[in-house]
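To start, the structure under review is shown below, and the notes come after it.
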Amino acid sequence: MPRYNPAEIEPKWQRYWEENGTFRTPEMPSGDKLYVLDMFPYPSGEGLHVGHPEGYTATDIVARFQRKRGKTVLHPIGFDAFGLPAEEHAIRTNTPPRESTEKNIATFRRQLKMLGFSYDWDRELATTDVAYVRWTQWIFLVLFDTWFDLSQQKGRPIAELPIPDDVVAEGDRAIRIYQDEHRLAYQADALVNWCPALGTVLANEEVVDGRSEVGGHPVQRLPLRQWMLRITAYADRLESELEDLDWSSGIKKLQKDWIGRSTGAEVDFFVGPRDQFQEWSNRRKQTGLPRKPNYDVLRVYTIRPDTLFGATYMVIAPEHPLVQRLTTPEQTLAVQAYCTAAANKSDRERTELVKKKTGVFTGSYAINPVSGKPIPIWIADYVLISYGTGAIMAVPAHDTRDFEFAQQFGLPIVPVVDPGPQREGADRQQVLDGNSCFAGEGTAIHSGPYDGLATSQFKQKIAEQLDAVGMGRAAVNYKLRDWLFSRQRFWGEPFPILHELDDQGNPNGLLRAVVPEQLPVNLPHLDDYKPHGRPEPPLMKAPESWLYPTLDGRRYMRETNTMPQWAGSCWYYLRFIDPKNDACFVDPKKEAAWMPVDLYVGGAEHAVLHLLYARFWHKVLYDRGHVSTKEPFHRLVNQGMILGEVEYTGYQTEDGQWISAQLVRRDVDGNPIARQTGKPVTEVKLGTDQATKRGDSVVLVDNAEIRVDSRAHKMSKSRGNVVNPDAIVQDYGADSLRLYEMFMGPLEATKPWSMSGVNGVRSFLDRVWRLIINPRDDEMILNEAIQDIEPTEEQLRVVHRTIEAVTHDLDHLEFNTAIARMMEFVNYFTKQSVRPRKAMESLLVMLAPFAPHICEELWQILGHDRSLAYEDWPVFDEALTRDETVVVPVQVGKKVRARIKVPADCEREQLEAIARAEPTIAALLESKEILKVIVVPGRMVNFVVK
RNA sequence: GCCAGAGUGGCGGAAUUGGCAGACGCGCUGGAUUCAAAAUCCAGUGUCCUUAAGGACGUGUGGGUUCGAGUCCCACCUCUGGUACCA
């Protein structure tokens, strides 16, 4: 079989690598190490998607490239296997989720092996492995055993938490509760989506418009006891320590914005009887600002304390603890109605109606601490209880939200910042008249002694002043919230926590951690997975023997919440370093040798949460001395999405007439309608022969008046444009799939799939094959052009230039251009009737990271008896990459008028002289005055003439 | 709204510091081979004008800097992704 047949050689080499342990990684690196990591997949029932191999091929190329350069490479893979779909499948079919999970993992494993990735399969793991869950639980216990020392900005053992004297005086129980309140893992009530009809708690993504995604049943918001992780304690470090990471600025910014650090001030507004304000403020001068606000004040957070004089009213969130206290009898009914309505709204409902602000007056007033004037206190749901203090001072002249609200309810608008005369965009007079809102910086007006100050100076001064009189202080806030870390689900890691029971068998509020030696806490056997119809977690159905253990003669109830899917993915990169260790989550010596991850590649959808959570866990482990690096992932790259093939879509009205695409728009549900009539139109999928490009638009071939849409869509089952890697491997081979995914364009770009593109790289591999094998022979023999002779000078130059370019491109993850250079190499040598063996071998070593199977096969046919996986990467001689002569363009005016052939190292003066001597140039220069001559040696000559 | 990224041939995309725009691939056209086709090989292929030689134009739009701009600056348009009142 002299023809290139991937179906035969790919399984052959996959077997070879497996049998010879080619990619088995040593326990410890020798020489330089490189840790190349993929974001491990969730093994869905759908199997691998063409999006997966994009990142996986990129990292595989890097791994194979660097092995040839002598690095010890750690390149593992595993499975993020807990998750909702498996549990849903279990409920439907009453089979344990572990069964379907293992089946799906088997499919993924087969598909990954079929693509020839050089993973060390001995290190494979799944987050659902009992031996893995054990250490996930162990890390949870570390979090449970840690408190955050603000002054040291560091997590420390709970035993070192200083206990205040008054707590000590209260006794042991009080001390334990005090400790529990300070742990990084703590309990709190949080709202869940309880669906009575389904009898289960739903995840946010399972709720659409306040109803269950499945069945459309109503969903209630219900407070439930939950586990929280105190990620907010690490907010500052999570932000500042991004600095040294080699991540794209976009991802860093995304994380920064998510953390959302802001600086401003907390200010107390007196809400007691008006005639007691003076007395109160005098008292504050003595006592200073209390740590927690008393009931006679409303504490607000603002990033613009400089606009304090413009605060004309206040707003508190409907959930604010002072709502009742501040509501006057006349307003009680209205306030109650408003707060109830707000409570029943889902988060999304609250934000969907952004256009119109709603609110209700409490009847009470607060005193503006700087002006002494009373201002009304309102309740409105545009103020969120979860941010800042849940209360704001409203400055309608300088905050768009407050401005909208003030207009809605006729509240006064007092400008206190002059945008200044040069400020464009903001109509100054409109702002000064209180008719327009200006949120920028400027100069203070109507602000008493502060008039004339610039915003930034004002901010600083007023913070000092408020502090001095005990009415406020500088403050920092974050958008980041603590991490809701429990789920009311079966298919997740159980918490290694026991609740102490009293004599009546009820939890008494005291907790006990399972000792590490007794981990893992395994999931119990359930007879069925159907919801039990109560909001409590499904593990409440567990057998008594599991649910109620007895320790030291005391009865406990196990924690029945389970951990979210994020848990397992927060530390898998550490376990890969030492996956079989049953004494420790990772051997510290190995950890120090392999960490950090040098290159981490995955989808942008994990840019915020997964990376933030993993970094948080890593920092806690670092503080507690379990890992050696502050950050886990040194370099991060997000691969772009792969879209389906480009599609042409035309539109027809109800009567079957074509309608031009620019006359079609989408309604709120995304359905196409005619722009003019608002009537629905039909999408018609067109073949490539039905549409053509006319100018800047694509039109029907039959009617150029009718424009059609031309674009690539996200791959989706419903659209039917999903490309299945199995089919590509069957029709073209794994090497072609790998090569095509890399040749499509830059790794980070979004790119449309194209079958003819796959065909194109396949014919490149066919050409590579014929370059070395004689296709006309029946036997597998070398092409007669392959000879054991030294390359000619020209051939040598092609070889060295290719090495230079491919090496450079791989160092920069520019795979598409590296492939283009190797194509040029092949095009050149295909035309050569003599092809020196050495040159061919260089090509195979360079191409092998991209298309490993065909290269191994050809390498073997060239007479080698060992895999080329560790063959040295070819080096180039710079002298051999340069031409002796170069062609340099000569411009007169703005036009290229001649090209001259000169020695590559031609000096400036000589180059100009040769250019002047060129007949066409000389003729052109004769009648002109030369103003300037620009000479760039090796590049160009330009005569600037009049 | 806001934030980020991107607009280059018929298509995917190339283009070190500003220095020959369109590498490489797809598609298309012509030729060789073939009884024919597929496959393969060779040549051509930005647009327009011209019989030709040659010329003009050309990197979303408009301006600017420069001897020189796809690349730098300003304004705008379009698309893609993300986000949702965070005081």
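Remember, it's a predicted structure, so these values are computed and weren't measured experimentally. Each chain gets a letter, A, B and so on, in the order its sequence line appears, and its residues count up from 1.
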How far does the P atom of A56(B) sit from the matching atom of G18(B), given to the nearest Å? 28 Å
Give me syn or anti for G9(B), where syn covers glycosidic angles within 90 degrees of 0. syn
Given A23(B), A87(B), G19(B), identify the nucleotide with an atom nearest to the side chain of A820(A). A23(B)
Roughly how many Å apart are G22(B) and A4(B), using the P atom of each and rounding to a whole number? 33 Å
Short question: side chain of E54(A), backbone of E741(A) - any donor-acceptor pair under 3.5 Å? no
Between R882(A) and E878(A) (salt bridge meaning N to carboxylate O under 4.0 Å), is one present in this structure? yes
Please state whether the phosphate of C26(B), meaning OP1 or OP2, lies under 4.0 angstrom from any side-chain nitrogen or oxygen of N759(A). no
Sort me out a list of protein N/O and nucleotides 3-8 of chain B N/O pairs below 3.5 Å, or just none if empty.
| unit_1 | atom_1 | unit_2 | atom_2 | d |
| --- | --- | --- | --- | --- |
| C3(B) | O2' | K253(A) | NZ | 3.4 |

Find out whether I772(A) and N783(A) are in side-chain contact, i.e. whether some heavy atom of one side chain is under 4.5 Å from a heavy atom of the other. no
Which nucleotide wins on minimum distance to the side chain of R767(A), given the candidates U17(B), G12(B), C42(B)? C42(B)
Convert the base pairs of RNA chain B into dot-bracket notation, remembering that pairs crossing earlier ones are written with [ ] and that bases paired across to another strand are shown as |; include only Watson-Crick or G-U pairs under 3.5 Å. (((((((..(((......[....)))((((((.......))))))((((....))))..(((((..]....))))))))))))....
Short heteroatom pairs, N/O only, protein and nucleotides 67-77 of chain B, under 3.5 Å:
| unit_1 | atom_1 | unit_2 | atom_2 | d |
| --- | --- | --- | --- | --- |
| C67(B) | O2 | N942(A) | ND2 | 2.6 |

So, is N827(A) near the phosphate of G25(B), with a side-chain N or O under 4.0 Å from OP1 or OP2? yes
Rounding to an integer number of angstrom, what distance separates G7(B) and G60(B) when you compare their P atoms? 8 Å
Mind checking the P distance from G25(B) to A14(B)? Whole angstroms is fine. 15 Å
R801(A) with E824(A): basic N within carboxylate O range, under 4.0 Å: no
The side chain to side chain contact (heavy atoms under 4.5 Å, CB included) partner of W483(A) among L612(A), L609(A), I231(A) is I231(A)
Y301(A) versus S262(A), side-chain donor and acceptor atoms under 3.5 Å: yes
Between G13(B), A87(B), G81(B), which nucleotide gets closest to the side-chain atoms of L384(A)? A87(B)
So, for F405(A) and Y313(A), is the gap between ring centers shorter than 6.0 Å? yes
Considering only side-chain heavy atoms of K357(A), which listed nucleotide, G12(B), C85(B), C42(B), is closest? C85(B)
Is E266(A) salt-bridged to R473(A), going by a charged N under 4.0 Å from an acidic O? yes
What interatomic distance, in whole Å, is found between C1' of C85(B) and the corresponding atom of C3(B)? 16 Å
Pairwise P distance, U65(B) and G44(B) [rounded to whole Å]: 41 Å
Can T232(A) and D482(A) be counted as having a side-chain donor-acceptor contact under 3.5 angstrom? yes
Could you check K751(A) against T302(A) and say which one's nearest nucleotide on RNA chain B is further toward the 5' end? K751(A)
Between the side chains of N721(A) and E645(A), is a donor N or O closer than 3.5 angstrom to an acceptor N or O? no
Which of A87(B), C24(B), U16(B) is nearest the side chain of I303(A)? It is A87(B)
From G25(B), G13(B), A14(B), nucleotide with atom closest to T817(A) side chain: A14(B)
Is the shortest distance from a Lys or Arg side-chain nitrogen in D766(A) or R762(A) to a carboxylate oxygen in the other one below 4.0 Å? yes
Residue M823(A), side-chain heavy atoms: nucleotide from A87(B), G13(B), C24(B) that is nearest: C24(B)
Starting at atom CG of L612(A), determine the distance to atom P of U83(B), rounded to an integer number of angstrom. 15 Å
By nearest atom, which of the nucleotides G13(B), U80(B), G25(B) is closest to the R711(A) side chain? U80(B)
Which nucleotide in the list C26(B), A87(B), G13(B) gets nearest to the side chain of S763(A)? C26(B)
Just compare A23(B), C41(B), G13(B) and give me whichever is closest to any side-chain atom of R770(A). C41(B)
